[in-house]
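All residue numbers in this chain count up from 1 along the given sequence. The structure presented is a predicted model; accordingly, all values stated were derived computationally and were not measured. When a ligand or atom number is given, it counts from 1 through the structure's own listing order.
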Amino acid sequence: MRVHQPRKVALVTGAGSGIGEATARRLASDGMAVGVLDLNADAAESVARHINEDGGLAVALAADISDKPAIEDAVAGLRGKVGPVVVLVNNAAMESFCPFEQITEDQLDRMFDVNLKGIFYTTQAVLPDMEAAGWGRIVNISAYGAQLVEGYMGHYYASKGGVISLTRSMAAEFGPRGITVNSVSPGFIDTPMARRAIEGGDLPIDPARIYGSYPIPRLGKPEEVAAACAFFISEEAAYVTAQLLGVNGGAVG
Ligand code: NAD
């Protein structure tokens, strides 16, 4: 007998582009109501509209994840429209390339405000819903580069290394409450962020030589990262927490 389950509500940050957009679409097609949150209001609106036109249920939310009150308002709005939030994908992030000695205090503050503090604020905003449900799934997007020996993105890599450590700490605290916390570590994925780096000439060597050396010698697809998120979010992954899954074509640092 098929039992009708109410839609779970998921929040995906940075869902107006790239990996976040693919993840929002994937979770919607898996039957969840999805909060499509982005700093870029037009992008969030556009992704939510496409999901709704395709028969899914999405709510566009415009907020900067580094702005705690704005995130709390956005989560309250999502909860008010579609219900308590029990799935969170902390995906939104910024990157920049800069030699170590030229990284300014403002650059450091912005990088850590968005890439790390934003995860604290967003998670704190949804945690009461997960605790009340006694069930929750959190996926934090880190970066494969943070596991390598790479230069010119020290502030970005430090923030993404922090995401890996934070994932484990959150998993330790939240596991007894029925909430799993895992991290997906993308390699070189074909998104607007990667295109900006490739086309802006920011990378120290020819990007095709980087991904061409992988066992799967191509750029990854945002949908392939979304699929890894969907696994961690699934019911079947109930005993999987504190894990780091690379989606990187088999590159080994
Ligand atoms: P992207 O730039 O295409 O999309 C990121 C989205 O996040 C954008 O829509 C942007 O507006 C939004 N965003 C940025 N700052 C925000 C903020 N403060 N508040 C709310 N929204 C904000 O990037 P992407 O390539 O899809 O990256 C997604 C995630 O994957 C990021 O965490 C990134 O660090 C990680 N990642 C990407 C790659 C890659 O090769 N593309 C590799 C490793 C890790």
> Less than 3.5 Å between some nitrogen or oxygen of Gly20 and one of ligand 1, yes or no?
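So ligand 1 has no N or O lying under 3.5 Å from an N or O of Gly20.
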
> Going by the atom numbers of ligand 1, which of them fall below 4.0 Å from some non-hydrogen atom of Pro192?
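Checking each atom against Pro192, I get 3 (O).
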
> Give yes if a backbone or side-chain nitrogen or oxygen of Phe188 is under 3.5 Å from a nitrogen or oxygen of ligand 1, and no if not.
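Looking only at distances, the answer is no, because the N/O contact criterion of under 3.5 Å is not met.
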
> Would you call Asp190 and Lys221 a salt bridge, using N to O less than 4.0 angstrom?
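Here Asp190 does not pair with Lys221 in a salt bridge, since their nearest N and O are not under 4.0 Å apart.
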
> How does Val114 reach ligand 1, by side chain, by backbone, by both or by neither, if only non-hydrogen atoms under 4.0 Å count?
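Only the side chain of Val114 comes within reach of ligand 1.
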
> Just let me know how Ala63 lines up against ligand 1, side chain, backbone, both or neither, with a heavy-atom cut-off below 4.0 Å.
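Under 4.0 Å from ligand 1, Ala63 contributes backbone atoms alone.
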
> Regarding atom 23 (O) of ligand 1: of the candidates Met193, Glu21, Glu95, which has the closest heavy atom?
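It is Met193 that holds the nearest heavy atom.
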
> Between Ile189 and ligand 1, does any nitrogen or oxygen pair lie at a separation below 3.5 Å?
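Ile189 vs ligand 1: N/O contact under 3.5 Å present.
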
> With backbone taken as N, CA, C and O and side chain as the heavy atoms from C-beta onward, which portion of Ser142 lies under 4.0 Å from ligand 1: side chain, backbone, both, or neither?
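Backbone only; the side chain of Ser142 stays clear of ligand 1.
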
> Checking Asp129 side chain against Val85 main chain: does a donor-acceptor pair fall under 3.5 Å?
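Answer holds: yes.
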
> Between Lys117 (side chain) and Asp67 (backbone), is there a donor-acceptor pair under 3.5 Å?
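Here the side-chain-to-backbone pair does not exist.
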
> Applying side chain to side chain donor-acceptor pair (under 3.5 Å) to Asp38 and Ser17, what does each step give before you reach the verdict?
CA-CA 9 Å; Asp38 207 285; Ser17 171; over 6 Å; no

> Among Gly187, Gly145, Ser159, which residue places a heavy atom closest to atom 38 (C) of ligand 1?
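The option holding the nearest heavy atom is Gly187.
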
> Name the option, out of Pro222, Gly18, Ser66, Ser17, that contains the heavy atom nearest to atom 1 (P) of ligand 1.
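Checking each option, the heavy atom nearest atom 1 (P) of ligand 1 is found in Ser17.
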
> Under 4.0 Å from a heavy atom of Ile141: which atoms of ligand 1 are those, numbered in the order shown and with their elements?
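Those of ligand 1 that fall under 4.0 Å from Ile141 are 29 (C), 30 (O), 32 (O), 35 (C).
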
> Considering both backbone and side-chain atoms of Tyr144, is one of its nitrogen or oxygen atoms within less than 3.5 Å of a nitrogen or oxygen in ligand 1?
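N/O-N/O distance below 3.5 Å does not exist for this pair.
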
> Less than 4.0 Å is my threshold; does some heavy atom of Thr13 fall inside it relative to ligand 1?
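Judged by the 4.0 Å heavy-atom criterion, Thr13 does not count as contacting ligand 1.
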
> Provide, to 0.1 Å, the distance between atom 36 (N) of ligand 1 and the closest protein heavy atom, together with that atom's residue and name.
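The answer is Tyr156 OH, 3.8 Å.
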
> Count the heavy atoms belonging to other residues, nucleotides or ligands that lie under 6.0 Å from CZ of Phe97, then report whether that count exceeds 12.
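Count over threshold, so yes.
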
> What residue and heavy atom of the protein are closest to atom 41 (N) of ligand 1, and at what distance?
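Sorting protein heavy atoms by distance from atom 41 (N) of ligand 1 puts Thr191 OG1, 3.1 Å first.
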
> Tell me, yes or no, whether the heavy-atom count around Glu53 atom CD, taken from other residues, nucleotides or ligands under 6.0 Å, exceeds 12.
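It does: Glu53 CD has more than 12 such atoms within range.
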
> Are there over 12 heavy-atom neighbours, none belonging to Tyr152, within less than 6.0 Å of that residue's OH?
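Incorrect, the count does not exceed 12.
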
> Tell me which protein heavy atom sits closest to atom 19 (N) of ligand 1, plus the residue, atom name and distance to 0.1 Å.
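Of the protein heavy atoms, Ile65 N, 3.0 Å lies nearest.
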
> Apply side chain to side chain donor-acceptor pair (under 3.5 Å) to residues Ser66 and Asp64 and explain how you reach the verdict.
CA-CA 5 Å; Ser66 70; Asp64 180 338; 2.8 Å; yes

> If you measure from atom 10 (C) of ligand 1 to every heavy atom of Asp38, Val36, Val89, Leu37, which option wins on shortest distance?
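Among Asp38, Val36, Val89, Leu37, the closest heavy atom to atom 10 (C) of ligand 1 belongs to Asp38.
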
> Are Ser142 and Ser183 linked by a side-chain donor-acceptor pair shorter than 3.5 Å?
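Looking only at side-chain atoms, Ser183 and Ser142 do form a donor-acceptor pair, the distance falling under 3.5 Å.
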
